J.: 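Once you've had a glance at the structure underneath, I'll fire off some questions.
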Amino acid sequence: MANVQRFRTHESLNITTASNFEIQSAWTVSSTEVYKDVSTYHNILIQPDEDIYYGFSTSTSAMLGTAANNLYLKGGDTIYELTVPYGMGSDTIYLHALRKTSSSASVRLVYT
């Protein structure tokens, strides 16, 4: 069961509301898994220029090692909106990424 007790009603339901719009520095995603702390945000706008695997966890430990089992975002002009999952049993949530192709990816991020 999700841990929703620390959020207001609209946050617990993952309802999008007016929020911050924080443009981040471009993120380089290579053959070594990288992560970012996204605990204080609700949504992430993400635009990779190459295909990347991604996932969320409560640890900085690598989690995308078995890449064939992971979801990936297609590189290009598409901007994806990811909702930060809560209720994972921790106050800290990390977004993990690993390149899918042989080229490193440059990823544009906006936190809301």
Side-chain angles (χ1 to χ4, degrees):
M1 180 156 199
N3 176 12
V4 294
Q5 297 171 347
R6 68 185 185 133
F7 301 105
R8 296 186 299 263
T9 302
H10 68 280
E11 293 171 324
S12 298
L13 298 173
N14 275 337
I15 296 172
T16 303
T17 60
S19 60
N20 294 331
F21 188 86
E22 297 179 16
I23 298 172
Q24 304 298 304
S25 298
W27 194 21
T28 300
V29 177
S30 62
S31 60
T32 302
E33 187 171 325
V34 292
Y35 60 88
K36 288 194 176 275
D37 183 347
V38 294
S39 303
T40 58
Y41 303 100
H42 295 285
N43 295 296
I44 302 165
L45 300 176
I46 185 168
Q47 182 185 29
D49 66 356
E50 297 286 338
D51 297 357
I52 61 167
Y53 293 107
Y54 76 97
F56 292 93
S57 81
T58 58
S59 169
T60 58
S61 299
M63 61 169 280
L64 299 172
T66 311
N69 295 328
N70 295 304
L71 295 174
Y72 71 93
L73 301 175
K74 191 87 172 139
D77 293 333
T78 303
I79 298 171
Y80 300 93
E81 181 177 9
L82 304 177
T83 300
V84 177
Y86 290 100
M88 295 175 67
S90 175
D91 291 337
T92 308
I93 308 293
Y94 296 97
L95 169 64
H96 293 256
L98 180 66
R99 75 178 186 202
K100 182 176 186 272
T101 61
S102 59
S103 301
S104 293
S106 180
V107 179
R108 292 169 188 84
L109 296 164
V110 175
Y111 295 160
T112 63

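This one's a predicted model, so the numbers in the text were calculated from it and none came from an experiment. No hydrogens, no waters, no symmetry mates; every other heavy atom, side chains included, goes into these values.
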J.: Tell me, please, which residues at least two apart from L45 pass side-chain contact (heavy atoms from CB on, under 4.5 Å).
T.: F21, I79, E81, V110

J.: Can you name the closest pair of heavy atoms from S57 and M63 and give their distance?
T.: CB-SD, 3.5 Å

J.: Could you walk me through whether K36 and I44 pass the side-chain contact (heavy atoms from CB on, under 4.5 Å) check?
T.: CA-CA 11 Å; K36 288 194 176 275; I44 302 165; over 6 Å; no

J.: The criterion is side chain to side chain donor-acceptor pair (under 3.5 Å); which residues satisfy it with D51, sequence neighbours excluded?
T.: none

J.: Is a donor on one side and an acceptor on the other found under 3.5 Å between the side chain of S39 and the backbone of I93?
T.: yes

J.: Show the nearest heavy-atom pair for residues A105 and I52, with the distance to one decimal.
T.: CB-CG2, 3.6 Å

J.: Apply side-chain contact (heavy atoms from CB on, under 4.5 Å) to T60 and list each qualifying residue two or more places apart in sequence or on a separate chain.
T.: Y35, Y94

J.: Over all heavy atoms of both residues, which pair between Y86 and V38 is shortest? Give the atoms and the distance, please.
T.: OH-O, 4.2 Å

J.: By the definition side-chain contact (heavy atoms from CB on, under 4.5 Å), identify the one residue from V107, N70, V29, L82 that meets it with Y54.
T.: L82

J.: According to the salt bridge (charged side-chain N to carboxylate O under 4.0 Å, His left out) rule, which pairs have a member within residues 98-112, sequence neighbours left out?
T.: none

J.: Name all residues meeting the side-chain contact (heavy atoms from CB on, under 4.5 Å) criterion together with T40; count only those two or more places apart in sequence or in a different chain, and write none if there are none.
T.: none

J.: Please list, chain by chain and in numerical order, all residues satisfying ring pair (Phe, Tyr, Trp, His ring centres under 6.0 Å) with Y111, sequence neighbours excluded.
T.: Y41

J.: Applying side-chain contact (heavy atoms from CB on, under 4.5 Å), can you list everything that pairs with S61, at least two apart in sequence or on another chain?
T.: S59

J.: Could I get the full list of side chain to side chain donor-acceptor pair (under 3.5 Å) partners for E33, not counting sequence neighbours?
T.: H96

